[in-house]
Number of protein chains: 2
Amino acid sequence: MDHKRCRMTNQRKVILEELRKFGGHPTVDELYVRVREKLPDISISTVYRNLEVLSECGLIGKLEPERTQKQFDANPKIHFHIRCTNCGRLDDIPSSIMNEVEEAIQKAQTLVNKMTGYDMKGYHLEFLGLCPKCKESMKKRGRSTDERKGENGGQKD
Amino acid sequence: MDHKRCRMTNQRKVILEELRKFGGHPTVDELYVRVREKLPDISISTVYRNLEVLSECGLIGKLEPERTQKQFDANPKIHFHIRCTNCGRLDDIPSSIMNEVEEAIQKAQTLVNKMTGYDMKGYHLEFLGLCPKCKESMKKRGRSTDERKGENGGQKD
DNA sequence: TTTCGTGCAAACATTTTGCATACTC
DNA sequence: GAGTATGCAAAATGTTTGCACGAAA
């Protein structure tokens, strides 16, 4: 829990307040609209920068797309994937080994429906880790290469 | 399995072949580079259009980002989410009900590592479904509203 | 008084669209 | 020959960056 510290500017304070008031999981421009009611001259880039900073400081949570580009795949059957958090490489996971996980998710479904009021239809499950090559090159270099993203590997608190 | 049929143009044939040769999960421009070696005048928009069509025809698989925009959240603790495939609304799932799922995933980890050669570090799990409001309005209208995306709800074949 | 944050405009990356021409069935 | 698909250029979208000015520690 060694979080970056950050200067509390007025913009930051307002962004944080509005996010708390918002309650849900707004996108940047949803929040931008609200914040502008308080600070009409704030710039969208300030909102972007500050949400980023606030999440680095551990004050807020960030949900970023785990993949920004579409990807295609010669095999039209749906299967599970594992993605390298270092280089972005994506591999398939043989679905034979995922039976228990699928069962557990299926069992959870009723509870999820009850607790959220949703009618659950499916899920997205993607594993994250270091691919064999990156594992190798990290071992050699003793640690850290580009490490592009890969915060929040899915581990809960 | 009522898939759209599609005209087999030369561009489509080449895109399909190159995707099959590629083997992995290329992005559009990775594939574009390969296809251009065969068809130097092909346009990137043709590649986009055709990958889309080929996946509608069930000939290839598509992995699209489950979320294209970043989202933020006043609560910095990591938790599970459920997203409405109709309106995009996102809600939290109480993590207390996810224990079994987490355990199953943890158990699967060793096997995943063995089969893929990765060093698995975490995962992304997001549930998909219809939120209470959309459920309601679908009941009224008898079916189908905008239904923005939500193909491949995570259900395997 | 230095370091850091801001607003603005411009750049960026990915994807989509409008349109005239060309190709498939 | 009707209905699609193509290439091109331009737009749309979401996000990042460079820079000169301004504010916080």
Parallel, tilted or perpendicular, as decided by the 30° and 60° cut-offs, for the rings of B/Tyr123 and B/Phe80: parallel
For B/Gln11 and A/Cys6, find the nucleotide of DNA chain D closest to each by heavy atoms; which residue's nucleotide sits nearer the 5' end? B/Gln11
Using atom OH of B/Tyr32 as one end and atom P of D/dG7 as the other, report the distance to the nearest whole Å. 9 Å
Separation of A/Leu51 atom CG from C/dT6 atom P, in whole Å? 11 Å
Atom CG of B/Asp41 to atom C1' of C/dA22: distance rounded to whole Å? 14 Å
Drop me the distance from A/Gln71's CD to A/Gln69's CD, to the nearest 0.5 angstrom. 7.5 Å
Quick one: NE2 on A/His124 to CG on B/Leu63, what's the gap to the nearest 0.5 Å? 8.5 Å
Tell me if the side-chain of A/Arg7 makes a donor-acceptor pair with the base of C/dT3, cut-off 3.5 Å, by modelled atom types. yes
Rounded to the nearest Å, what distance is computed from the CD atom of residue B/Gln69 to the P atom of nucleotide D/dT15? 5 Å
Nearest heavy atoms of B/Arg20 and B/Leu59, plus distance in Å: NH2-O, 4.2 Å
Respond yes when some side-chain nitrogen or oxygen of A/Tyr48 is under 4.0 Å from OP1 or OP2 of D/dT16, and no when none is. no
Considering only heavy atoms from C-beta outward, does the side chain of B/Asn75 approach that of B/Asp92 to under 4.5 Å? no
Is there a donor on the side chain of A/Thr9 or the base of C/dC4 sitting less than 3.5 Å from an acceptor on the other? no
Could you check whether A/Ile42 gets within reach of a base, just the sugar-phosphate, or nothing at all, counting any heavy atom under 4.0 Å? sugar-phosphate
Whole angstrom is fine here: how far is it from CD in A/Glu56 over to C1' in C/dG5? 14 Å
Under 4.0 angstrom, heavy atoms only, what part of the nucleic acid is A/Asn10 near: base, sugar-phosphate, or nothing? nothing
If you look at every strand shown and take non-hydrogen atoms under 4.0 Å, does B/Ser45 touch a base, only sugar-phosphate, or nothing? base
Which nucleotide in the list C/dT6, D/dT6, C/dC25 gets nearest to the side chain of B/Met8? C/dC25
Taking atom P of D/dT15 as reference, at what distance in whole Å does atom NZ of B/Lys70 sit? 7 Å
Would you kindly give the CZ-to-P distance between B/Arg12 and C/dC23, to the nearest whole Å? 15 Å
Give a yes/no on whether any side-chain N or O of A/Ser43 is located under 4.0 angstrom from OP1 or OP2 of C/dC8. no
Atom CG of A/Leu54 to atom C1' of C/dC4: distance rounded to whole Å? 15 Å
